[in-house]
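Notes to accompany the following structure.
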Amino acid sequence: MDKTKKPANDIRIGFRSRVGSVISYCEKLLKENNLRTLNFSAVGGSIGTLVNVVEVLKMTTPGLYQTNRIATISYQSVEEGGNVQNQKLYPKLEVVLTLDKPTTSGEGFQDVLSEEDRKKLLELRDKRREERQKRGGEGERRGRGTRRPPFRGGRGRGGRPPMRGGRPPMR
């Protein structure tokens, strides 16, 4: 089996992909590696992340054309005998961002964001960042599981009667 390396501009978004990390990687590809086309794909719940990445890239990088393609993917569970046990359909979104104008502008095509709209969006983003900083970072992203309920004491059940079959409370 021939295992070829996937191209650097073929970006698959998974459910754990971080928007900021993907954007940084894409900007590096466009600026440092001088690539002119980025191919994205996402399935199911990660489609929202893909949309966020694409919209931010269109805002920060002028001159990007967008082409979308929507499809479904079928995943099957197969028994040992070869019979299909279970089949599920998932949505798939493929997006191509390119600095070169596509030859066809059919269904799923989006033209370049106008410079006026792009500047408005950048100003809005900067304004929101300033407001967030004035609030002292309130609402900033925190790691999962960092907030815990208050400690309710050591041994025992916190003043509740003991469970059935347990020792009677000490008096």
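Along the sequence shown, the residues carry numbers beginning at 1. What you see is a predicted model; the values in this text were computed from it and never measured.
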| query | Should we count CD of E107 as having more than 12 external heavy atoms under 6.0 Å? | reply | no

| request: Would you please test D10 and R12 for salt bridge (charged side-chain N to carboxylate O under 4.0 Å, His left out) and show each step? | output: CA-CA 7 Å; D10 185 20; R12 294 186 183 127; 3.6 Å; yes

| message | Can you tell me if I70 has over 12 outside heavy atoms packed within less than 6.0 Å of its CD1? | response | no

| request: Ignoring hydrogens and angles, tell me if any N or O in the side chain of S17 forms a donor-acceptor pair with the backbone of G14 under 3.5 Å. | output: yes

| task | Give a yes or no on this: more than 12 heavy atoms of other residues, nucleotides or ligands lie within 6.0 Å of atom NZ of K6. | result | yes

| request: Drop me the distance from L93's CG to S46's OG, to the nearest 0.5 angstrom. | output: 9.5 Å

| task | Scan side-chain atoms only and decide if E32 and N34 contain a donor-acceptor pair under the 3.5 Å cut-off. | result | no

| Are a donor atom and an acceptor atom from the side chains of N52 and T49 found within less than 3.5 Å of each other? | no

| field | Spatial distance of atom CZ (R18) from atom CD1 (I23) [nearest 0.5 Å] | value | 11.5 Å

| task | Answer whether the closest heavy-atom distance between the side chains of K92 and R69 falls below 4.5 Å. | result | no

| message | A side-chain contact here means heavy atoms from C-beta on lying under 4.5 Å apart; do P91 and V43 qualify? | response | no

| note | Correct closest heavy-atom pair for M59 and R118 would be O-NH1, 2.8 Å

| request: Look at the rings of Y90 and Y75 and say which category their plane angle falls in: under 30° parallel, 30 to 60° tilted, over 60° perpendicular. | output: perpendicular

| field | Trace of the salt bridge (charged side-chain N to carboxylate O under 4.0 Å, His left out) decision for E123 with K127 | value | CA-CA 6 Å; E123 287 172 9; K127 183 180 173 185; over 6 Å; no

| said: Does any part of the side chain of I11, heavy atoms only, come nearer than 4.5 Å to the side chain of Y25, both counted from C-beta? | reply: yes

| Q87 and S74: side-chain donor and acceptor closer than 3.5 Å? | yes

| Are V96 and I47 joined in one hydrophobic group, where the rule is that I, L, V, M, F, W and Y side chains link up if heavy atoms are under 4.5 Å apart? | no

| query | Between E130 and K134, is the closest basic N to carboxylate O distance under 4.0 Å? | reply | no

| hydrophobic_cluster_shared for L113 and L122, side chain cutoff 4.5 Å | yes

| request: Answer whether the closest heavy-atom distance between the side chains of N68 and Q110 falls below 4.5 Å. | output: yes

| L99 pairs by side-chain contact (heavy atoms from CB on, under 4.5 Å) with which of L64, V112, T37? | L64

| query | In Å and rounded to the nearest 0.5 Å, what is the CG to CD distance from N33 to E27? | reply | 13.0 Å

| said: Working to the nearest 0.5 angstrom, can you tell me the gap between T98 OG1 and Y65 OH? | reply: 9.0 Å

| request: Compare all side-chain heavy atoms of T67 with those of V95 and state whether any distance is below 4.5 angstrom. | output: no

| field | From NZ (K119) to CD (E115), nearest 0.5 Å | value | 5.0 Å

| query | Nearest 0.5 Å, what's the OG1-CG distance between T60 and L30? | reply | 8.5 Å

| query | Salt bridge or not for R128 and E131, using N-O below 4.0 Å? | reply | no

